[in-house]
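Lettering follows sequence order; numbering is per chain, from 1.
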Amino acid sequence: MPHTARPLSPHLQVYRWQIQMVTSIVHRATGIALAVGSLLVVGALLALASGPESWACVTRHAGAWYGLVFLFGWTWALAYHLLNGVRHLVQDAGFGYAISQFVRNGWLVVFGSFILTAATWGVLAARGVFA
Amino acid sequence: MSTPNRLRSPLKRAIGLGSAKYGTQHFVVQRISAVALFFLVIYVVGLLVSLVGADYATARATVAHPCHAVLLCAFLVAMFWHAQLGLQVVIEDYVHAPGLALVVQMLVRFACVLAALAGLFAIVRIAAGASA
């Protein structure tokens, strides 16, 4: 960082919040969160490999109220990053760049992530995850 | 392309690869792993949902099945590769001290490779049927 008090170019704090920047920021944030979560996936696999006792520890924490809250948030982060990732691939192919389309598919991803999360947990509830 | 490119030979364009010397490799691999993860994530979430309420033996036997074991290995490799590429860009954008950035980039790579190897080791151990 500069040591002199030079004027800096405008950054996040000077802009009005809008869907275009929020989808981008949240994509990065969920990406970082999912990268951390991937370590837990490996932890669970190692627990499954090392025996029933360590696996019981995983399922006990995953099934506790804080585990379920955590998993719910994880599901949403994954759903969002998945859908917005598809949006990025579509944009990479050169589609959906007009401002109106960009805003619309941004909101589509946001609400799609809520629907996908709700649908996943609907199936989980039907399979007795809260029982 | 525009006029200047017509003055360059195809060879010049092929061996140039820009100032970083690896051209669009980062961009391309990030997208290839993204496409792979699109399918693998849907599969893994489906597998996890199907395992709700399963006991230890069932969970272990499921992961040990050759199809699941191979797909889970593919998932781990794609996931940690994709995570490393993504975190690399985040660090490039926000960590401005060159020394710190180098250290953090190396730590992220080490962590991703180690975690991927640990996960693969666990799956192989489960699939090979080694007891606890």
Practice problem: Find out whether A:Leu45 and B:Leu76 are in side-chain contact, i.e. whether some heavy atom of one side chain is under 4.5 Å from a heavy atom of the other. | Solution: yes

Quiz prompt | Closest heavy-atom pair and its distance - B:Phe80, A:Ser38 | solution = CE2-OG, 3.2 Å

Quiz item: Which atoms of A:Thr59 come close to chain B, meaning under 4.5 Å heavy atom to heavy atom: side chain ones, backbone ones, both, or neither?
Solution: neither

Quiz item: Can you hop from A:Tyr80 to A:Val103 via hydrophobic side chains spaced under 4.5 Å?
Solution: yes

Quiz item: Which bit of A:Leu78 comes within less than 4.5 Å of chain B, counting heavy atoms only: side chain, backbone, both or neither?
Solution: side chain

Quiz item: Taking every heavy-atom pair that is under 4.5 Å apart, which of B:Val108, B:Asp55, B:Asp93, B:Leu120 has the most such pairs with chain A?
Solution: B:Asp93

Quiz item: Is there a donor-acceptor pair closer than 3.5 Å between any side-chain N or O of B:Arg60 and the backbone N or O of A:Leu48?
Solution: yes

Practice problem: Tell me, for A:Leu46 versus chain B, whether the close heavy atoms (under 4.5 Å) come from the side chain, the backbone, both or neither. | Solution: both

Quiz item: Same hydrophobic cluster for A:Phe114 and A:Leu71, using side-chain heavy-atom links shorter than 4.5 Å among ILVMFWY?
Solution: yes

Practice problem: Supply the atom-to-atom distance B:Gln30 CD to A:His88 NE2, rounded to the nearest 0.5 angstrom. | Solution: 10.0 Å

Quiz prompt | Closest approach of B:Arg31 to A:Asp92 (non-hydrogen atoms, all atoms of both residues) | solution = NE-OD2, 2.6 Å

Quiz item: For B:Leu48, is it the side chain, the backbone, both or neither that has a heavy atom under 4.5 Å from a heavy atom of chain A?
Solution: neither

Quiz item: Taking all atoms of both residues into account, what is the closest heavy-atom pair of B:Ala122 and A:Ala49, and its distance?
Solution: O-CB, 3.8 Å

Exercise. Check whether B:Val44 gets within reach of chain A through its side chain, its backbone, both or neither, counting any heavy atom under 4.5 Å.
Key: neither

Quiz item: Where do B:Gly119 and A:Val42 come nearest, in terms of heavy atoms and distance?
Solution: N-CG1, 3.7 Å

Exercise. Sort A:Arg28 into side chain, backbone, both or neither according to what part of it lies under 4.5 angstrom from a heavy atom of chain B.
Key: side chain

Quiz prompt | Proximal component of B:Val41, with respect to chain A [non-hydrogen, under 4.5 Å] | solution = side chain

Quiz item: Given that the side chain runs from C-beta out, which part of B:Val45 has a heavy atom under 4.5 Å from chain A: side chain, backbone, both or neither?
Solution: side chain

Quiz item: Can you get from B:Leu117 to B:Leu71 by hopping between Ile, Leu, Val, Met, Phe, Trp and Tyr side chains that sit under 4.5 Å apart?
Solution: no

